[in-house]
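What follows is one structure encoded as C-alpha cells, with my remarks underneath.
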Protein chains: 2
Amino acid sequence: MLHQPAQLDLMFQALADPTRRLMVERLCDGPASVSELAAPLAMTLSAVVQHLAVLEESGLIRSQKQGRVRTCHVETQALRAAERWISERRMVWERRFDRLGAYLAENPEEPDEGNPT
Amino acid sequence: MLHQPAQLDLMFQALADPTRRLMVERLCDGPASVSELAAPLAMTLSAVVQHLAVLEESGLIRSQKQGRVRTCHVETQALRAAERWISERRMVWERRFDRLGAYLAENPEEPDEGNPT
DNA sequence: AGGATACTTAAGCGCATGCTTCACCAACCG
DNA sequence: CGGTTGGTGAAGCATGCGCTTAAGTATCCT
C-alpha cells in the first residue's frame, strides 16, 4: 500500500538494464547463487555482484549467505508495485478514452469546443 | 552494455524518473502542451523538454506541433509492453510457486533433494 | 512593425552508472 | 596443511544523466 515514489524510482531504474532483467527472469525460475547468475553473462563476477546490489536495493530480489554461497531469489511484492503503477495509469487512460468516445457519440461531427471532461 | 537500445530499456529508464512519471500521469488525463506540463514543475522549460525527449524516444508519448504549440499525449501501446514484461515474470514465478507447493504437499518434511521440477 | 509567447538548441557542470582490475577473505576439499 | 572455490571491497575510468544558462527561431497578438 506504500506509495513511495523513491521505491518506484529504484525499481524502474533496476529494470532498465537488460542484464538485470535477465537476472530477474532467471530468478523467477527459482533461486540461484551469485556464480550461477554470473555464468551466462559476459562480465566479471564483480560486475554481477554490483548489479545484484542494485536489484536488492530496489527490493526486487533478496539474498542470504550460507557458508560461502549467497543464494538469491525474487521478491514478487516489489514487482507487483511496478505493475500496479502501470495498470493504474492504463485504467485512468481507458476511463478518459471511454468518456471521449461517449462525448463523440453524442456530438457527432461537431466542431471542436475543448475538453469534454 | 553497448547492445542495441532495446525498447524495454528505454521504457523502464524513462519511467525511472519521478518527474517523467508525473508527466505521464498528467498525460493520462488528456493531452497537454509543453508549457502546461512544465507549469507544476520546479525546473526550467529546457529541462522539461529534455524529459519529454526521453519519453518520446522511449515510445511512451508522442507529440505534434501546431503553430508554436507542441501538444503531447500518451502512447498506451508502449505502457502495455512494460506491463506485459512484468506480468509474464509474475506468471512464471507463480507457476513455479504452485509446483513447489504441490511438491511439498506430496513430500512432507522430506530433506531437500534439489529442484522439484 | 514591435513585443510577447512557446518552444528549440547548444554548451557545460557535477554526480551517477556500468564496467574493469587487483587485492582480499572465508569456506570447503583432498 | 595448502589449493581451489565463491564471493567481497576499493579504486579508477569512460560514458550517461539531470539540470542549468544563454542565445536562438518561429508564431501569434495588437
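Every chain is numbered from 1 and lettered A, B, ... according to where its sequence line falls, protein lines coming before strand lines. Hydrogens, waters and symmetry mates are skipped; everything else that's a heavy atom, side chains included, is used.
- Taking every side-chain heavy atom of B:Ser46 into account, C:dT8 is the closest of D:dG7, C:dT8, C:dG18.
- Following rounding to the nearest Å, B:Leu45 (CG) and C:dA10 (P) show an atom-to-atom distance of 17 Å.
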| request: Tell me, with the steps shown, if B:Phe12 and B:Ile86 meet side chain to side chain contact (heavy atoms under 4.5 Å, CB included). | output: CA-CA 11 Å; B:Phe12 284 127; B:Ile86 296 179; 4.3 Å; yes
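- For the pair A:Asp17 CG and C:dT17 P, the interatomic distance rounds to 12 Å; values are reported in whole Å.
- Under a hydrophobic-cluster definition in which Ile, Leu, Val, Met, Phe, Trp and Tyr are linked whenever side-chain heavy atoms come within less than 4.5 Å, directly or via other members, A:Leu41 and A:Leu45 are assigned to the same cluster.
- Residue A:Glu36 places its CD atom among more than 12 non-hydrogen atoms of other residues, nucleotides or ligands, all under 6.0 Å distant.
- In this structure, CD of B:Glu57 is placed 13 Å from P of D:dG18, rounded to the nearest angstrom.
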| field | From CA spacing to verdict: side chain to side chain contact (heavy atoms under 4.5 Å, CB included), A:Glu25, A:Leu22 | value | CA-CA 5 Å; A:Glu25 289 176 11; A:Leu22 247 187; 4.0 Å; yes
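- Following rounding to the nearest Å, A:Asp9 (CG) and D:dC17 (P) show an atom-to-atom distance of 15 Å.
- When distances are taken from the side chain of A:Gln50 to each of D:dG18, C:dT20, D:dT20, the shortest belongs to C:dT20.
- Two residues, A:Val54 and A:Gly67, neighbour DNA chain C, and the one matched to the more 5' nucleotide by heavy-atom proximity is A:Val54.
- Residue A:Ser35 has a polar side-chain atom (N or O) positioned under 4.0 Å from OP1 or OP2 of D:dG7.
- No path of Ile, Leu, Val, Met, Phe, Trp and Tyr side chains, each step under 4.5 Å between heavy atoms, connects B:Val69 with B:Val34, placing them in separate hydrophobic clusters.
- Summarising the geometry, the separation between NE2 on B:His51 and P on C:dC7 is reported as 16 Å, rounded to the nearest angstrom.
- In this structure, B:Gln13 places its CD atom 15 Å from P of C:dA16, rounding to the nearest Å.
- Between A:Leu41 atom CG and C:dC19 atom C1' there is a gap of 13 Å when expressed in whole angstrom units.
- Minimum atom distance to the side chain of B:Lys65 is reached by C:dC7, of the listed C:dC7, D:dG7, C:dG18.
- Checking D:dG18, C:dC22, D:dT27 against the side-chain heavy atoms of B:Arg68 singles out D:dT27 as nearest.
- When rounded to the nearest whole Å, the span between CG of A:Leu37 and C1' of D:dT5 equals 17 Å.
- Annotation: A:Arg26, atom CZ; neighbour count of heavy atoms from other residues, nucleotides and ligands within 6.0 Å is above 12.
- Every residue two or more places apart in sequence or in another chain that forms a side-chain hydrogen bond (donor to acceptor under 3.5 Å, both in side chains) with B:Glu56 is listed here: B:Ser63.
- Comparing the local axis fitted to the first five base pairs of the helix from C:dA1-D:dT30 to C:dG30-D:dC1 with the one fitted to its last five gives a bend of 20°, rounded to 10°.
- Here the nucleotide nearest the side chain of B:Val69, chosen from C:dA6, C:dC19, D:dG7, is C:dA6.
- Nearest nucleotide to the side chain of B:Val49, out of C:dT8, D:dT8, D:dT20: C:dT8.
- Phosphate proximity of D:dC19 to B:Thr44: absent, as no side-chain N or O sits under 4.0 Å from OP1 or OP2.
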